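Structure record follows, encoded as structure tokens.
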Amino acid sequence: MSVDNTSFSLLDATSRDSDIKTIGDKVLKGQRISDEEGLLLFEKADLGTLGILSNYVRNAKSGNKTYFNRNFHVEPTNVCIYTCKFCSYSRMIKKRSEGWEYTMEDIMEIIRSYDGKPVTEVHIVGGVLPQYDVNFYSELFKAIKSHRPSLHVKALTPVEYHYIFKKDKISYQDGMRLMKESGLDSLPGGGAEIFHPDIREQIAGDKCTGDQWLAIHQIWHELGQRSNATMLYGHIEDYHHRIDHMRQLRELQDKTGGFQTFIPLKFRNQGNEMSYLDEVTMLEDLRNYAISRIYLDNFDHVKAYWPMIGRATAQMSLSYGVDDIDGTIDDTTKIYSMAGAEDQNPALSTQQLVQMIKEARRTPIERDTLYNIVQDYSDVEFDSSDGFRGYLDLPVINN
Ligand code: V47
Ligand code: SF4
């Protein structure tokens with residue numbers, strides 16, 4: 001990145017703190033910031049300064065582009081043996097009969113319901129139950145691929161993989177190799193929460209550790225595959241836990257380069273055992289996006305998951321480091337609506353998503369999972385006289 005004098009003068013105009021100015025100069029020179037400097041940004045930097053710096057990094061990486069993807073979610077079950085305190089699913093084990101537990105055929109029926117629709121990815125995520133074992137997922141991935149080979153399978157997290165490999169007594173290496181051979185294409189970023197044991201033990205004490213999460217992603221990257229990473233923020237963690245979390249991701253990314261996107265997930269407080277906590281403000285959301293973008297200099301993308309934070313914050317996040325908005329999903333995603341997601345019906349048409357991105361004065365780009373461009377929507381005008389057209393009905397170019 002080259003030094004931008006305009007940004008220098010803008011930074012002079014916003015930040016009066018000498019520490020923050022020094023960090024700002026480093027960022028504008030394309031230099032990596034340290035953990036201490038990341039912490040100082042959390043503690044002292046105002047939103048205006050963070051906006052300038054994160055926008056500078058975002059624009060250097062992605063220009064004006066804002067990516068989105070046409071995907072759909074499948075949640076095999078909403079019952080889970082684990083007891084993560086922030087998760088509405090963990091309570092379902094006590095009333096298991098009220099939940100759902102899809103069979104292989106149920107899941108394939110959902111997959112087939114998207115036949116002929118221009119989706120490029122299925123994201124499979126849900127609870128952990130013993131019947132969903134190595135054999136189940138291996139057969140499921142094979143069945144999806146044999147039905148629709150071009151559909152990208154982004155599925156499960158180290159939480160599930162650690163559980164099923166341990167149960168079947170196979171190593172992470174052998175297990176991930178088997179999953180790859182069965183048709184798994186990439187890993188979503190879930191299950192990361194906060195790596196630091198002081199926090200993880202309190203909120204997600206019985207599932208895989210931070211080290212195990214990182215080890216499985218590392219093995220997956222070493223197989224030549226890509227994955228995402230998340231961070232659940234805004235609950236009982238401190239800023240230094242967030243920096244510790246991002247440091248471990250940055251270090252692994254230095255080794256493997258296998259992460260595509262960082263996705264900060266705002267803790268939502270409904271229907272879980274941490275409902276007594278207040279949610280953080282939009283200001284904190286934007287500050288967190290911005291600092292993530294600045295600190296994680298080796299991640300290409302930062303994503304806002306708008307069903308959780310709402311459309312307004314998602315639009316604003318595009319000026320605070322975010323270059324990707326997930327997603328054009330349909331209403332089968334329950335984990336978030338149960339936790340108090342902003343958008344109770346999270347289906348957004350491509351037309352609406354494109355409009356949302358254009359309103360933020362960004363260029364909407366439809367991508368596939370690996371960030372290949374499917375379509376540039378900058379010059380696409382929608383005919384409003386057509387009335388509402390769901391995203392699945394839109395004509396697709398180059399797909
Ligand atoms: O790991 C659960 C989170 C995650 C709550 O990779 C909650 O493209 C907030 O990782 N408040 C799973 N968050 C979802 C996930 C994800 C989502 C979108 C895109 C991608 C991707 C990945 O959901 C869990 C957990 O951190 N979660 N409960 C809650 N109350
Ligand atoms: Fe289970 Fe995942 Fe919920 Fe934890 S966050 S209870 S592992 S579904």
Side-chain angles (χ1 to χ4, degrees), residues 67-69 71-73 75-94 99 121-129 132 152-164 185-195 199-200 203-208 210 212-213 217 226-237 245 259-275 277 279-280 285 299 301-309 314 324-329 333-342 346 367-371:
Y67 297 95
F68 66 94
N69 182 21
N71 68 0
F72 64 103
H73 286 212
E75 296 178 43
T77 177
N78 67 339
V79 184
C80 188
I81 56 160
Y82 290 126
T83 58
C84 303
K85 296 214 166 22
F86 54 82
C87 179
S88 27
Y89 279 21
S90 61
R91 302 196 319 179
M92 291 300 296
I93 197 81
K94 291 183 200 132
E121 173 190 289
V122 56
H123 178 167
I124 304 174
V125 67
V128 176
L129 283 179
Y132 301 115
H152 183 107
V153 177
K154 184 171 89 177
L156 316 185
T157 73
V159 177
E160 287 95 342
Y161 291 123
H162 169 78
Y163 173 82
I164 64 177
D185 292 302
S186 68
L187 300 191
E193 323 311 357
I194 288 284
F195 294 143
I199 299 300
R200 197 173 187 84
I203 65 168
D206 49 0
K207 70 183 184 189
C208 74
Q212 288 163 339
W213 189 99
H217 277 261
R226 313 302 301 271
S227 68
N228 291 338
T230 57
M231 174 176 76
L232 184 71
Y233 71 94
H235 41 92
I236 57 166
E237 88 289 3
H245 188 91
F259 287 118
Q260 300 204 110
T261 309
F262 180 64
I263 311 157
L265 293 173
K266 175 199 184 102
F267 164 69
R268 304 308 308 257
N269 67 4
Q270 282 177 39
N272 55 55
E273 285 180 43
M274 291 165 74
S275 296
L277 291 174
E279 292 177 359
V280 296
D285 296 329
F299 275 63
H301 306 285
V302 173
K303 186 195 280 190
Y305 188 60
W306 66 261
M308 275 311 238
I309 54 159
D324 191 314
I325 302 197
D326 196 357
T328 48
I329 60 171
T333 307
K334 303 288 189 311
I335 195 166
Y336 317 108
S337 50
M338 288 168 80
E342 215 55 54
R367 62 165 177 86
D368 65 13
T369 312
L370 302 176
Y371 287 83

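Computed from a predicted structure; not experimentally measured. Each ligand, and each atom within it, is numbered from 1 in the order the structure gives.
- Qualifying side-chain contact (heavy atoms from CB on, under 4.5 Å) partners for Thr230, counting only residues two or more places apart in sequence or in other chains: Ala192, Ile263, Leu265.
- Closest to atom 13 (N) of ligand 1 by heavy atom, among Val125, Ile309, Leu232, is Leu232.
- Every heavy atom of Met274 sits 4.0 Å or more from the atoms of ligand 1.
- Rounded to the nearest 0.5 angstrom, Ile309 CD1 and Asp285 CG are separated by 6.5 Å.
- Taken from CZ in Arg200 to CG in Asp206, the straight-line distance is 10.5 Å, to the nearest 0.5 Å.
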| His301 and Tyr67: side-chain contact (heavy atoms from CB on, under 4.5 Å), yes or no, with the steps? | CA-CA 9 Å; His301 306 285; Tyr67 297 95; 3.7 Å; yes
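- Atom 4 (Fe) of ligand 2 has no N, O or S atom of Cys80 closer than 2.8 Å.
- Near Lys154, the atoms of ligand 1 lying under 4.0 angstrom from a non-hydrogen atom of the residue are 6 (O), 8 (O), 21 (C).
- Ring geometry, His245 versus Phe262: the interplanar angle falls from 30° to 60°, so the pair is classed tilted.
- Listed by number with element, the atoms of ligand 2 under 4.0 angstrom from any heavy atom of Val159 are 7 (S).
- For ligand 1, the atoms closer than 4.0 angstrom to any heavy atom of Phe267 are 9 (C), 11 (N).
- At a 4.0 Å heavy-atom cut-off, ligand 1 touches Ile263 through the side chain alone.
- Here the CZ atom belonging to Phe72 is positioned 9.5 Å from the CD atom belonging to Glu121, to the nearest 0.5 angstrom.
- Annotation: Lys207 places no N or O atom under 3.5 Å from an N or O atom of ligand 1; distance criterion only.
- Atoms of ligand 1 lying under 4.0 Å from at least one heavy atom of Asn228, given by number and element, are 6 (O), 8 (O), 21 (C).
- Of the residues Asp326, Asp324, Asn69, the one that meets the side-chain hydrogen bond (donor to acceptor under 3.5 Å, both in side chains) test with Lys303 is Asp326.
- Ring pair Tyr305/His73 is parallel by interplanar angle, where below 30° counts as parallel and above 60° as perpendicular.
- Contact annotation: Gln270 has no heavy atom less than 4.0 Å from any atom of ligand 1.
- Atoms of ligand 1 found under 4.0 Å from any heavy atom of Tyr305 (numbered from 1 in listed order, with element): 18 (C).
- Taking distance alone, with nitrogen or oxygen atoms compared against 3.5 Å, Ala192 stays at or beyond that limit from ligand 1.
- Atom numbering of ligand 2 starts at 1 in the shown order; those under 4.0 Å from a heavy atom of Lys207 are 4 (Fe), 5 (S), 7 (S).
- Short contacts between ligand 1 and Gly191, defined as distances under 4.0 Å to a heavy atom of the residue, involve ligand atoms 1 (O).
- Remark: His152 NE2 to His123 NE2 distance equals 10.5 Å, nearest 0.5 Å.
- Every atom of ligand 1 is numbered from 1 in the order shown, and the set under 4.0 Å from a heavy atom of Thr230 is 10 (O).
- Between Phe86 and ligand 1, an N or O atom pair is found at a separation short of 3.5 Å.
- To the nearest 0.5 angstrom, Gln212 atom CD is 14.5 Å from Tyr163 atom OH.
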| task | Start with the C-alpha distance between Thr369 and Asp185, add both sets of side-chain angles, then the distance that settles side-chain contact (heavy atoms from CB on, under 4.5 Å), and finish with yes or no. | result | CA-CA 9 Å; Thr369 312; Asp185 292 302; over 6 Å; no
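- For Arg226, there are no salt bridge (Lys or Arg N to Asp or Glu O under 4.0 Å) partners at least two apart in sequence or on another chain.
- On a distance-only criterion, Lys303 and ligand 1 share at least one N/O pair closer than 3.5 Å.
- For the pair Val128 and ligand 2, no heavy-atom separation below 4.0 Å is found.
- If you number the atoms of ligand 2 from 1 as listed, the ones under 4.0 Å from a heavy atom of Gly126 come out as 8 (S).
- The distance from ligand 1 to the heavy atoms of Pro188 drops below 4.0 Å at these ligand atoms: 6 (O).
- In this structure, Ser88 falls outside the shell of residues with a heavy atom less than 4.0 angstrom from ligand 2.
- Close approach to Lys266 involves these atoms of ligand 1, each under 4.0 Å from a residue heavy atom: 9 (C), 11 (N).
- Within the 4.0 Å heavy-atom criterion, the part of Asn272 lying near ligand 1 is the side chain and not the backbone.
- How far CG of Asn269 is from CD of Glu279: 4.0 Å, rounded to the nearest 0.5 Å.
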